[in-house]
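Step one of this worksheet: look at the structure below.
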Amino acid sequence: MPKCKFCSRNFTTDGALHQHVQNSPKHPCCSDCNLKFIDEDGYQKHRASVHSTNKRRKHKHDCAKCSRSFKNEYALKQHYRHSNQHFHCSECDVGFFDEAEYASHCTTEHPICHQCSLEFLDQTEFAEHLMMEHERCEKCLRGFVDKLAIQQHYRDSPICFHCDIRFCDDALLQEHLKEEHEHCIVCDCSFSDEAEIRQHYYDSKLHPACHACVVGFFDTEEYESHMKDEHEYCSTCDCGFVNEAAIREHYRYSNVHPTCSCCDSGFFDYGEYQLHLRAEHEYCAMCHVSFEDSAAISQHYTDSDLHPTCTECKVGFPDVAGCTSHMMAWHEYCSICKLGYATKTALTQHYFKSSVHPTCSICSSSFFEDGEYQSHLREEHEYCSKCGLSFATAASIQQHYRISAEHPTCKDCGGGFADDGEYKLHFLTDHPSCALCKRSFKDKEALQSHYLNSAKHPQCRYCKSGFRDNAERDNHVATAHPFCKTCNRTFVDGKAISEHYRDSSNHPTCPKCKTGFHDDKAYESHKARIHPPKPKNPPSSSSTHERRPPSPHSVPPTSTPHATPVIDKFHRYDRMWTQLRSNTSANLTFTEVPWPVLQPLHRSTDLTHENITEFLFHPKRASIEGKSRKVIIREELLRWHPDKLRTRLADKVVPRDWDHVESGAETVVKALTELLMLQNHAE
């Protein structure tokens with residue numbers, strides 16, 4: 001391997017060493033000819049052999065023909081010019097030593113056209129003559145005597161062997177090679193393209209080459225850049241390697257890089273070495289020691305005093321968190337007291353004896369923390385969240401509600417309640433009240449008596465019933481007492497208005513059944529249905545199977561095309577509420593909540609008093625059979641009460657729709673409250 005004696009560096013090829021000598025400023029350089037040398041000895045030999053002052057000759061200007069010496073070359077030229085023994089050019093007034101020198105001068109400086117036998121003063125005039133009168137090269141704009149001369153010129157002109165282009169002289173050819181083709185300045189060779197010069201670099205011993213890629217490079221710098229970019233490169237040692245295996249081998253045997261004591265692998269730095277230990281071997285971060293397998297490091301954890309050990313199974317762990325996780329997973333562990341127990345019974349006994357853990361005063365059960373204890377009180381016992389007290393039975397907590405000043409009490413029945421919401425629900429469902437007079441009553445009979453006897457409340461002149469206000473009375477009159485639009489009269493009941501239709505001359509009357517009707521349209525419908533005209537011709541035998549007209553006493557069939565969908569909606573409503581009570585998880589949107597309406601809902605404003613009433617008291621709703629209107633309303637109020645609804649649906653509705661669900665529930669409760677008050681007044 002070539003080595004620079006001056007810098008003590010090794011190079012892959014002689015060309016790389018030569019390039020280093022030329023580019024390095026440390027090597028000696030000749031100031032006369034700008035040549036560089038590997039060492040000082042070569043430089044001194046060059047100076048002694050080429051630029052030595054002892055070898056310089058004394059320039060003598062002698063005339064061999066006249067045996068005379070002259071001081072300089074100019075004096076010698078003047079001697080040739082004026083002496084008769086020498087030759088003189090009359091055209092340019094210059095003397096020459098002999099005839100041969102004179103003839104050469106005439107040929108070069110005063111050419112003669114042998115074709116035309118004309119002599120010219122200089123080469124420029126001769127060239128113009130050749131171009132105008134004889135053969136001319138259009139490419140280099142030169143003239144020739146005849147065709148043989150120009151053909152010889154074509155044959156002698158240099159040609160580029162890469163692109164087959166001819167040039168007038170070698171200088172233009174060399175310029176073309178450097179500009180249009182690849183040129184190696186070290187070897188002074190030209191090549192047609194990049195691939196050819198790369199092959200030259202690879203084949204030449206003067207250039208470095210990568211044998212893994214079969215690619216050559218101009219100099220060492222380009223070769224090292226290739227090794228860094230395309231292969232493995234060690235920046236610490238400034239060396240390149242063909243592949244991963246080669247650089248790993250370098251890491252393994254180099255004293256600069258760390259080596260794994262377990263698997264004898266080398267690494268670039270300690271960071272990579274630490275990652276290897278954690279990924280491929282068992283590594284103790286606390287003791288900074290690596291182990292071959294899990295059994296070895298487990299034994300280390302057990303034997304070392306720096307690591308915690310399980311008191312039950314005597315197994316060591318890397319840290320306290322690992323030991324705690326083990327105790328919680330495989331044993332009974334109290335994280336507050338940092339103690340482990342073999343069985344659940346032992347841990348429960350610890351809770352009972354320890355003053356740190358709470359104990360239930362009712363059932364003497366012990367618990368881990370206050371959160372678990374509070375959850376036990378709410379689920380297993382009667383718990384007052386307002387006072388933070390628990391009770392063994394429902395009767396005891398009701399007694400607490402009655403005697404505690406923190407809870408509302410009903411002045412009519414003496415019952416106590418958990419909060420104002422529960423009290424208001426009791427007040428609305430069990431004790432009717434008069435909003436106008438701001439009085440509550442024991443039952444509906446007392447409220448109705450108040451409406452009837454109070455001068456503040458209107459009465460119905462037809463049935464002598466009292467009402468809360470004029471709107472309620474007008475609604476009662478419009479719904480409970482029939483009205484004749486033709487005569488603009490209100491009647492007590494349906495019997496009275498039927499008699500009015502029969503006796504009044506303003507309404508048609510059926511002469512056959514003596515029944516009165518509101519208008520002619522109703523009368524004609526009655527005639528067509530009850531008294532149809534008889535057919536003129538008797539029916540033929542072919543039509544004996546045709547449908548007969550309905551008899552006067554038959555009832556027309558009821559069209560129920562939508563009966564099944566309506567019934568399905570009622571079943572779905574009851575089924576979904578049953579599932580919501582039992583299921584612990586759901587993901588309902590606003591439209592999927594079971595609303596008490598028949599029409600599909602898209603927003604809370606679609607809930608109205610009318611469609612809620614239609615759903616609740618629909619005749620095809622099987623779940624309300626045998627129940628009074630008040631019982632139906634009360635059941636729905638308990639179902640849609642805000643507190644109970646929040647408990648049942650808060651975790652089952654998607655968060656983005658919960659505000660809409662709460663708004664819709666408020667609308668339902670408001671409609672149910674109004675229905676309950678109307679029902680109390682009606683009763």
Side-chain angles (χ1 to χ4, degrees), residues 424-425 428-429 432-433 435-436 444 451 458 460 462-463 465 467-483 485 490 493-494 497 518 558-577 589-642 645 649 657 659-683:
K424 289 180 180 179
L425 179 61
L428 291 173
T429 55
S433 62
L436 182 61
K444 61 182 179 179
Y451 286 155
C460 176
Y462 302 104
C463 60
S465 299
F467 298 92
R468 180 181 57 185
D469 50 22
N470 292 330
E472 186 177 350
R473 182 199 57 190
D474 295 340
N475 184 50
H476 161 76
V477 172
T479 56
H481 300 290
F483 179 75
K485 295 182 181 179
T490 303
D493 51 19
I497 197 171
H518 173 65
T558 303
S559 176
T560 59
H562 302 289
T564 300
V566 171
I567 295 174
D568 290 343
K569 289 185 178 180
F570 294 136
H571 290 333
R572 178 181 177 276
Y573 180 78
D574 297 332
R575 184 176 63 255
M576 285 196 66
W577 274 109
T589 62
F590 175 81
T591 57
E592 293 173 346
V593 172
W595 298 102
V597 292
L598 295 175
Q599 301 81 2
L601 290 183
H602 300 286
R603 53 187 179 274
S604 59
T605 54
D606 294 341
L607 288 163
T608 62
H609 186 281
E610 290 76 12
N611 55 26
I612 294 175
T613 304
E614 179 188 8
F615 181 89
L616 294 179
F617 307 115
H618 198 282
K620 296 186 181 298
R621 188 180 177 192
S623 61
I624 65 173
E625 291 182 1
K627 297 180 182 179
S628 63
R629 294 172 67 93
K630 185 174 181 179
V631 172
I632 297 171
I633 297 172
R634 183 166 182 174
E635 289 178 353
E636 296 296 331
L637 272 173
L638 292 174
R639 176 177 291 168
W640 289 96
H641 189 271
L645 185 72
L649 292 184
D657 287 358
D659 293 339
H660 301 293
V661 172
E662 278 194 321
S663 177
E666 291 178 1
T667 304
V668 173
V669 172
K670 184 176 180 181
L672 292 172
T673 305
E674 293 178 357
L675 287 173
L676 182 61
M677 296 179 66
L678 290 175
Q679 186 64 28
N680 290 335
H681 296 161
E683 295 178 357

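Atom set for the values below is all heavy atoms of this structure, side chains included, hydrogens, waters and symmetry mates excluded. These numbers come from a predicted model, not from an experiment. In this chain, residues are counted from 1 in sequence order.
Annotation for V669 and W640: closest pair CG2-O, 3.1 Å, computed over non-hydrogen atoms. L645 approaches A665 most closely through the heavy-atom pair CD2-CB, 3.1 Å. When all heavy atoms of P482 and G494 are compared, the closest pair comes out as CG-N, 3.9 Å. Here the closest heavy-atom approach between residue K630 and residue L676 is recorded as CG-CD1, 3.9 Å.
The shortest distance between side-chain heavy atoms of C460 and F467 falls below 4.5 Å. Using a 4.5 Å heavy-atom cutoff, the side chains of P596 and R639 are not in contact. Contact annotation: the side chain of F570 approaches that of L598 to within less than 4.5 Å [non-hydrogen atoms, C-beta and beyond]. Between D568 and R572 the shortest side-chain heavy-atom distance does not fall below 4.5 Å.
When the side chain to side chain donor-acceptor pair (under 3.5 Å) test is applied to Q599, no partner is found at least two apart in sequence or on another chain. Qualifying side chain to side chain contact (heavy atoms under 4.5 Å, CB included) partners for T613, counting only residues two or more places apart in sequence or in other chains: H609, F617, L675. Scanning for side chain to side chain contact (heavy atoms under 4.5 Å, CB included) contacts around T589 gives T591, E592, V654, R656, D657, with sequence neighbours left out. For R634, the side chain to side chain donor-acceptor pair (under 3.5 Å) partners are D430, not counting sequence neighbours. Y462 meets the ring pair (Phe, Tyr, Trp, His ring centres under 6.0 Å) test with H481; sequence neighbours excluded.
The distance from the NE2 atom of H660 to the CG atom of L601 is 13.0 Å, given to the nearest 0.5 Å. Note that NE2 of H641 and CG of L638 are 8.5 Å apart. Values are rounded to the nearest 0.5 Å. One finds the CG atom of L672 at 10.5 Å from the OG1 atom of T667 (value rounded to the nearest 0.5 Å). Atom CD of residue E666 and atom CG of residue L607 lie 11.5 Å apart, to the nearest 0.5 angstrom. For the atom pair CZ (F590) and CG (D659), the distance works out to 11.5 Å, reported to the nearest 0.5 Å. In this structure, I633 CD1 and I612 CD1 are separated by 11.5 Å, a value rounded to the nearest 0.5 Å.
Checking side-chain atoms of R621 against main-chain N and O of L616 turns up a donor-acceptor pair under 3.5 Å. The backbone N or O of I632 sits nowhere less than 3.5 Å from a side-chain atom of K627 that would complete a donor-acceptor pair.
The aromatic rings of F615 and Y573 sit perpendicular to each other, their planes meeting at more than 60°, with 30° as the lower class boundary.
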Would L425 and L637 count as a side chain to side chain contact (heavy atoms under 4.5 Å, CB included) here? Give the steps. CA-CA 8 Å; L425 179 61; L637 272 173; 4.1 Å; yes
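For residues 606-615, the pairs satisfying salt bridge (charged side-chain N to carboxylate O under 4.0 Å, His left out) are R603-D606, with sequence neighbours left out.
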